[in-house]
2 protein chains.
Amino acid sequence: MTTSNPTAEIIGGPERFLEAELSQQIQFLTARARAKGSAKGNEALVDLGLKVRQYSTLSLAASGLKPTQRELGAFLDLDPSQIVALVDFLEKRGLVAREVDPRDRRSKIIIATEKGLEIHDEATKRLLIAEGESLKNLTSDEQEQLRELLLKIAF
Amino acid sequence: MTTSNPTAEIIGGPERFLEAELSQQIQFLTARARAKGSAKGNEALVDLGLKVRQYSTLSLAASGLKPTQRELGAFLDLDPSQIVALVDFLEKRGLVAREVDPRDRRSKIIIATEKGLEIHDEATKRLLIAEGESLKNLTSDEQEQLRELLLKIAF
DNA sequence: TATTGTTATACTCTATAACTATA
DNA sequence: TATAGTTATAGAGTATAACAATA
């Protein structure tokens, strides 16, 4: 019945819930945007064997800022044990290396290898394309506005 | 050493990673914003025994739009089995009821009970306060801009 | 034959506490 | 005594497939 009746299709489509007050809550919209975005992002990276979470870690390791594991955790909002797992993964793939911090031998600085830098460049390229698709309903100006607004609330 | 040297504190603070290119990617900022937002949201609801995911379901049940479980899944991007678990939880707490759709007895319409409506009102009030805190770095105009931009990309 | 809700199951993600080595 | 990283483990969240009732 539902499939044979086009009116029912329209009535039953999820768009009708746009009028629910939930759809006006910024937190809900943010959650939806990130769910769609990270799905698209993971899809863009699947051929490289990476997920967005792993990419974020690799990206900081490739930044030249020489993050320690603790700093990665603080910035990515992950606890130390999750960082260990992420760095283990990237290290086994030869994308990053652990270097002992000479100023504090308890700390380990995570640095991208040559291979890591290459994979990171390719991953960044693919992610920016995916980001463009996710934001295709926005003009360039709007994308810039969005970035600035998010920067003000993300940190 | 780190704690006794204020300079090291500043150098080592996570703010220094704001200059990493990762911090300019909208997807990353969106993920961070929602992580902070849903943490604050869950915190705001903890006294009501709800999480934001459960609130979303309750909110649609309270909207008067008479969603079926399938529609809830489509709109909230959750698969049917997750909806079952969510509705089970809310039903056991007496906040929603399952009603058989007279037009298709396979479907079940989820409707908030009186108690569900009350809890929903209180939860909404608390969430809006939490949202205000999350967005305290934005002016009212900026919050409205953000809502409109997110609406364009969230669906 | 297809769809809705359900159940079972496994997989990932996240959170916590205990351990080691360094400070 | 405190901190960085590690390990182990359990809990929450998510994804998949098979099933019964209905279309």
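Throughout, protein chains are lettered first and strands after them, A, B, ... in sequence-line order, and every chain is numbered starting at 1. Because only heavy atoms are used, hydrogens play no part in the values below, and waters and symmetry mates are left out as well, while side chains stay in.
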Is there a donor and acceptor pair closer than 3.5 Å between the side chain of A:Arg106 and the base of D:dT3?
yes
Spacing between B:Gln69 atom CD and D:dA21 atom P, to the nearest angstrom
17 Å
Identify which nucleotide among D:dA15, C:dG5, C:dA23 has an atom closest to any side-chain atom of B:Thr68, counting heavy atoms from C-beta outward.
C:dG5
Rounded distance in Å - CG (B:Asn42) to C1' (D:dG13):
12 Å
A:Lys51 side-chain N/O to C:dT12 phosphate OP1/OP2 under 4.0 Å
no
Polar pairs (N or O, both sides) under 3.5 Å between protein and nucleotides 9-11 of chain D?
none

Less than 4.0 Å between a side-chain N and a carboxylate O, is that true for B:Glu71 and B:Lys66?
no
Can you work out whether A:Gln82 or A:Asp101 has the more 5'-proximal nearest nucleotide on DNA chain C?
A:Gln82
So which atom in A:Leu138 and which in A:Gln143 form the shortest heavy-atom distance, rounded to 0.1 Å?
O-NE2, 3.4 Å
Find the distance A:Asp79:CG to D:dG5:P and express it as a whole number of Å.
12 Å
Mind jotting down which residue pairs meet the ring-ring contact (aromatic ring centres under 6.0 Å, His included) criterion with at least one end in residues 104-155 of chain B? Sequence neighbours excluded, please.
B:Tyr55-B:His120, B:Phe75-B:Phe155
So which atom in A:Leu76 and which in A:Ser56 form the shortest heavy-atom distance, rounded to 0.1 Å?
CD2-CB, 4.0 Å
side-chain hydrogen bond (donor to acceptor under 3.5 Å, both in side chains) partners for B:Gln24, two or more places apart:
none
Who clusters with A:Val46? Use side-chain heavy atoms, under 4.5 angstrom, across I, L, V, M, F, W and Y, and order the result by chain and number.
none
Starting from C1' on D:dA4, measure out to CG on A:Leu72 and report it in whole angstrom.
12 Å
Any protein N or O atoms within reach of nucleotides 8-11 of chain C? Criterion: under 3.5 Å, listing atom names and distances.
none

Expressed as a whole number of angstroms, how long is the span from A:Arg70:CZ to D:dA2:P?
14 Å
Tell me whether the OP1 or OP2 atom of D:dA23 has a side-chain N or O from B:Arg103 closer than 4.0 Å.
no
B:Asp88 side-chain proximity, nearest of C:dT7, C:dA23, D:dA15:
C:dT7
Please report the distance, rounded to the nearest Å, between CD1 in A:Ile83 and P in D:dT6.
11 Å
Could you pull out all residues at least two apart from A:Arg105 that satisfy side-chain hydrogen bond (donor to acceptor under 3.5 Å, both in side chains)?
none
For B:Lys152, is there an ion pair with B:Glu148 - N to carboxylate O distance below 4.0 angstrom?
no
Closest of D:dT6, C:dT7, C:dA2 to the A:Val84 side chain is D:dT6
In whole angstroms, how far is the P atom of D:dT6 from the CG atom of A:Leu78?
15 Å
Between A:Lys108 (NZ) and C:dA23 (C1'), how many Å, whole number?
15 Å
By nearest atom, which of the nucleotides D:dA15, C:dA23, C:dT4 is closest to the A:Arg105 side chain?
C:dA23
What nucleotide, of C:dT4, D:dG13, D:dT3, holds the atom closest to the side chain of B:Ser107?
C:dT4
Within the side chain of B:Lys51, is there an N or O that forms a donor-acceptor pair under 3.5 Å with the backbone of B:Leu45?
no
Ion pair check, B:Arg98 and B:Asp88, cut-off under 4.0 Å:
yes
